[in-house]
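Please read all numbers here as calculations on a predicted model, not as lab measurements.
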Amino acid sequence: MTSDRMLTIARGMVAALASAGMLACTDTPTTPTTPTSQATASAPSAQLKRTKFMAFGDSITAGEITLPVTNSLTGFPSFKTIQVLSAAYPTVLNSMLKARYPSQASVIFVANAGLGADKAEYAMERFDAAFDLYRPDAVLLMEGYNDICCGNNEVGVRKAEIGLSDAAADARNRGARVFIATLAPSKPGSRSTPLNIVQSANERIQVVARGEGAYLVDVYSALLPEVATNIGIDGLHPTEIGYQRIAEAFLAAIRADLEVR
């Protein structure tokens with residue numbers, strides 16, 4: 001028997017064994033479970049100690065994204081910013097929480113108290129009004145982008161720190177559990193902030209979280225590895241994928257801090 005004939009027979013035997021299920025498959029599944037599906041998988045035996053959340057912040061809480069456009073006057077590429085409520089992290093987080101805790105779905109809500117161009121420095125009056133409106137038992141704070149932009153970076157870092165500390169203290173004194181997020185990273189763009197300034201702000205945010213006994217949500221680290229995908233063309237606002245990642249970071253924190261079985 002020739003070697004070619006033997007090789008053909010061997011290949012036929014392997015194919016037959018495989019079709020009969022007698023060969024073990026060492027490949028990874030073609031439809032692996034994603035981190036998102038693992039995080040939001042229904043957990044009927046689990047409960048949340050608190051179910052009324054208020055997400056407070058600026059345009060990144062409100063859910064603004066940037067879309068590429070062409071300037072009608074110059075013909076050059078540009079972009080426009082629009083609010084997409086369905087993409088906003090509070091909306092995504094709300095769906096995630098309801099999916100994970102189906103027995104509490106009717107009482108879970110995540111109110112979106114985000115406002116474009118808002119600054120932590122001037123946010124207390126608006127924060128008090130939003131708290132009175134929604135009466136949350138947990139508050140999600142992510143703010144400071146507008147404080148640290150536009151040249152007054154180090155001064156803005158300090159103002160953001162004070163504003164977040166005031167809001168966290170107010171929420172805590174009202175009996176709410178407080179979660180404070182680090183700021184997402186920037187990438188090159190017309191509205192980006194140098195990463196060293198963002199990191200400086202995040203260091204102060206960590207100090208605020210410790211001082212107020214708040215749970216720190218590390219949004220910066222969650223988005224940094226794939227910043228080109230997670231942040232939009234202006235260098236500041238997240239993409240829809242980026243907002244998904246922010247929601248996942250908050251969900252992980254909420255599970256760690258508030259989930260009971």
Please report the closest heavy-atom contact between Ala181 and Val219, naming both atoms and the distance.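 Taking every non-hydrogen atom into account, CB-CG2, 3.8 Å.
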
If I compare all heavy atoms of Leu183 with all of Gly144, which pair ends up nearest, and what's the gap?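 Heavy atoms only, the tightest pair is CD1-C, 4.1 Å.
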
Rounded distance [0.5 Å steps], [atom1] in [X] versus [atom2] in [Y]:
X      : Y      : atom1 : atom2 : result
Leu251 : Ile246 : CG    : CD1   : 13.5 Å
Leu195 : Lys187 : CG    : NZ    : 12.5 Å
Ser78  : Leu67  : OG    : CG    : 11.0 Å
Phe79  : Asp234 : CZ    : CG    : 5.0 Å

Donor-acceptor check, side chain of [X] to backbone of [Y], threshold 3.5 angstrom: yes or no?
X      : Y      : answer
Asn230 : Glu226 : yes
Arg126 : Ala113 : yes
Lys98  : Ile108 : yes
Thr239 : Thr229 : yes
Gln244 : Val92  : no
Asp147 : Lys159 : no

Assert yes or no for the condition that the ring centre distance of Phe250 to Phe179 is strictly below 6.0 Å.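 Centroid distance Phe250-Phe179: not below 6.0 Å, so no.
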
Centroid separation Tyr89 to Tyr243 less than 6.0 Å: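 Between Tyr243 and Tyr89, which both carry aromatic rings, the centre distance is not below 6.0 Å.
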
Please determine whether residues Ile233 and Ile60 belong to a single hydrophobic cluster, defined as Ile, Leu, Val, Met, Phe, Trp and Tyr linked transitively by side-chain heavy-atom distances below 4.5 Å.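 Shared cluster, no.
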
Indicate, with yes or no, if Ile162 and Ile197 share a hydrophobic cluster defined by side-chain heavy-atom contacts under 4.5 Å among Ile, Leu, Val, Met, Phe, Trp and Tyr.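 No, no single cluster joins them.
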
Please assess Met142 against Thr61 for the test side chain to side chain contact (heavy atoms under 4.5 Å, CB included), listing each intermediate value before the final yes or no. CA-CA 7 Å; Met142 185 169 63; Thr61 297; 4.3 Å; yes

Under the criterion side chain to side chain donor-acceptor pair (under 3.5 Å), I'd like the reasoning laid out for Thr81 against Arg191: C-alpha separation, chi angles, the key distance, then a yes or no. CA-CA 11 Å; Thr81 303; Arg191 295 180 179 174; 2.9 Å; yes

Looking only at side chains, do [X] and [Y] share a donor and an acceptor under 3.5 Å apart?
X      : Y      : result
Thr40  : Arg100 : no
Gln206 : Thr182 : no
Gln47  : Glu259 : no

